[in-house]
Amino acid sequence: MNKHDRLPKKNQGYPIPGPGPRQSRVANNMRALILQSEPDIAEQQRNLLLTTKTCQDVDILHSLAAFASSDFASYELVILDAHLADGSAFEALDLLPAQNRPATICWYPESDIGLAREGYRHGADYCIEWKKDNLDLLPEIASKAATLYHSRRRNSMLLLQLREADAMATLGRMTSGIAHDFNNILQAIWGNAVAGIETHDADEQREVLVAIKKSCEQGQKISNLLLDLVRSRARKKQPCDVREILDNALQLMKYEFLNRNIKIEKSYADVPQIYCDPPQMLQVFLNLLANARDAISDRGGYLTVTLQADGDNLHIRFSDNGSGIAENIRQRIFEPLFTTKTLEKENRPRGTGMGLFIASEIVQGHNGNIEVESEVGVGTTFTITLPIEIATAASDSVDAGKKSKQAVGKPEKLSILIVEDEEIVRNVLQRMLKVDGHDVSLMPSGQEALEQLRTHNFDLVISDLHMPEMNGMEFLKKARKLRDDIKVVMITGDALNPDLEIVEEAGAAGYLLKPFRKKELDSLLKNTLHLA
């Protein structure tokens, strides 16, 4: 007796999605992955999908272990059996990525509604009772699932664009504060540089140089935070200290609060690290801080930021004594494009209406939630709840990486060619490298550097990415034609340059973002040349 013979002839389980208007089955590029313990049943499904031209390619796996190591990004559809030899479909569903997730169909045994509910709870798009009649519907359901996949992907891309637009809007609202911070940093650098030039005391000169270095580090930190906020890149969750992200957000908003005479009170409990995407979480915190700033009148007030852990969850609260939110408005504040912020004189929206919507989407993407309590004339509290998901192995790996970087010493003496159109940068790099005794040659353009490469054998070339006449990418390609084994490291001050996404694919040994520190440069030299 085969599996079909054991099943009833009528579907008594979850309703099957109706075929609706027949969709075209002209061969498309859809790729499907079937996870099924029984080879004959898997082949039956594959043949049906291929002969009806629902899919162009169908792969089959028979174990959860093999499924776990799959590249899910290459599939639009995954078809699972509820019971596997080494696990269950629910475990497989949990392995699928949250972003760009393939559409999923899960077969469950006859009349076992409990398994169907469990499948939906784990994120299955369709749960179907296993029977022969329902198998005939597989091509139609697979087509619907593919449509769902593409719709979900379009929505994901749109949400990413909205996040980036909101980040730019947030950045725009902080412009005066950012300019204020950088002007303070420049004043410290300028003043200390002048003092260092005028004094003849060696100890005082060293003191002002240390002060200049600290000011540069502060500027670099602010610059990196801003770039992370607006940079388009693949988002990645990692072990994070939420306290640090909160402090970074407060630092960026410090000038805004000073202008409004808003006092900040912090109450941070000793909480563990959690997995999150730091730039995304920074964006959430900035949106909530901006909300509190706008809710408090120009006469001043206070904002309390609280961080505490409770069981398996982390709670971050932002409490202000602002104007509060009326009940009828509070029900809509997380809707996209909904805003109550207007300019009295011009009667037009001041906010984008996207800040709280984006904040909510990001928090939900971290398997958390965001709630609001408010009373008109008293104030508002936003509470973010995030799960505490700690992976010791991953944390240990991060710590090991940090220790490895800290252990990096000075590289051996090298012959290095620097290609940089800015004289001040060329000279600074030369000084940084000559400290360790490297032999450094300087060239202001890619064309002149190529002439040097024809007659000299350099261990390493450091080239700017953005140069006039011949840019870094063009220089890299021509340099590799002269010597295919040449090591070229790219440097740039433009962290948003799209060439950074492909520079290593084009043959660069790595890249550094300006401003970079001496130890970062030393580390890159050692890693690039595989020095002990």
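Under the 4.5 Å side-chain criterion, counting only non-hydrogen atoms from C-beta, Glu217 is in contact with Arg517. Taking 4.5 Å as the limit, every side-chain heavy atom of Thr304 sits out of range of all side-chain heavy atoms of Phe318. Side-chain contact check for Lys266 versus Asp247: some heavy-atom pair is nearer than 4.5 Å. Within the 4.5 Å cutoff, no side-chain heavy atoms of Thr492 are placed close to those of Lys514. Taking the side chain as every heavy atom from C-beta outward, Leu386 and Ile316 approach each other to under 4.5 Å. The closest side-chain heavy-atom distance from Leu48 to Gln44 is not below 4.5 Å. Between Leu96 and Phe67 there is a side-chain heavy-atom pair separated by less than 4.5 Å. Between Gln56 and Leu50 the shortest side-chain heavy-atom distance does not fall below 4.5 Å.
In plain terms, the two heavy atoms of Glu91 and Gly87 that are nearest each other are OE2-CA, 3.1 Å. Nearest heavy-atom pair across Pro109 and Ala82 is CD-CB, 4.1 Å. For Ala89 against Cys106, the heavy-atom pair with the smallest separation is CB-SG, 3.7 Å.
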Starting from the C-alpha separation in whole Å, work towards a yes-or-no answer on side chain to side chain contact (heavy atoms under 4.5 Å, CB included) for Ile388 and Leu314. CA-CA 6 Å; Ile388 299 174; Leu314 197 69; 4.2 Å; yes

Yes or no on side chain to side chain contact (heavy atoms under 4.5 Å, CB included) for Arg31 and Ser74, after CA distance, side-chain angles and deciding distance? CA-CA 7 Å; Arg31 293 194 67 209; Ser74 62; 3.5 Å; yes

Would you please test Tyr511 and Phe516 for ring-ring contact (aromatic ring centres under 6.0 Å, His included) and show each step? CA-CA 11 Å; Tyr511 68 86; Phe516 46 82; over 10 Å; no

Using side chain to side chain contact (heavy atoms under 4.5 Å, CB included), reason through Ile128 and Leu138 one step at a time and then give a plain yes or no. CA-CA 9 Å; Ile128 309 171; Leu138 180 60; 5.5 Å; no

Show, in sequence, the C-alpha distance, side-chain angles and deciding distance for Leu460 and Val489, and conclude whether the side chain to side chain contact (heavy atoms under 4.5 Å, CB included) test is met. CA-CA 8 Å; Leu460 182 73; Val489 171; 3.8 Å; yes

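Side chains of Asp125 and Tyr120: a donor-acceptor N/O pair is absent below 3.5 angstrom, by distance only. When only modelled atom types and interatomic distance are considered, Glu76 and His150 share a side-chain donor-acceptor pair under 3.5 Å. In summary, the side chains of His122 and Asp94 do present a donor paired with an acceptor at a separation below 3.5 Å, with no hydrogens or angles considered. Side chains of Gln45 and Trp107: a donor-acceptor N/O pair is present below 3.5 angstrom, by distance only.
A donor-acceptor pair is defined here as one N or O able to donate and one able to accept, closer than 3.5 Å; no such pair exists between the side chain of Glu373 and the backbone of Thr381. A donor-acceptor pair under 3.5 Å is formed between the side chain of Ser70 and the backbone N or O of Ala66. Here the side chain of Ser151 pairs no donor or acceptor atom with the backbone of Thr147 at under 3.5 angstrom. Remark: the backbone N or O of Ala292 is not paired with any side-chain donor or acceptor of Asp320 at under 3.5 angstrom. For the pair Thr104 (side chain) and Leu93 (backbone), a donor-acceptor distance under 3.5 Å is absent. Side chain of Arg46 to backbone of Val58: a donor-acceptor contact under 3.5 angstrom is found. With hydrogens and angles disregarded, a donor-acceptor distance shorter than 3.5 Å links the side chain of Ser37 to the backbone of Ala85. Listed for the Ser88 side chain is no donor-acceptor partner under 3.5 Å among the backbone atoms of Leu84. Between the Gln36 side chain and the Glu38 main chain, a donor and an acceptor come within less than 3.5 Å of each other. The closest donor-acceptor contact from the side chain of Asn47 to the backbone of Glu43 lies under 3.5 Å.
The environment of NE2 in His62 is crowded: more than 12 heavy-atom neighbours from other residues, nucleotides or ligands sit within 6.0 Å.
Ile358 contributes atom CD1, which lies 8.0 Å from atom CG of Asn287 (distance to the nearest 0.5 angstrom). Here the CD atom belonging to Glu361 is positioned 12.0 Å from the CG atom belonging to Leu356, to the nearest 0.5 angstrom. Of the inter-residue distances, the one linking Leu35 atom CG with Ile60 atom CD1 reads 10.5 Å to the nearest 0.5 angstrom. Between atom CZ of residue Phe285 and atom CE of residue Met253 there is a gap of 13.5 Å, rounded to the nearest 0.5 Å. For the atom pair Glu129 CD and Leu115 CG, the distance stands at 11.0 Å (nearest 0.5 Å). The structure places CD1 of Ile105 at 5.0 Å from CD1 of Ile79, a figure rounded to the nearest 0.5 Å.
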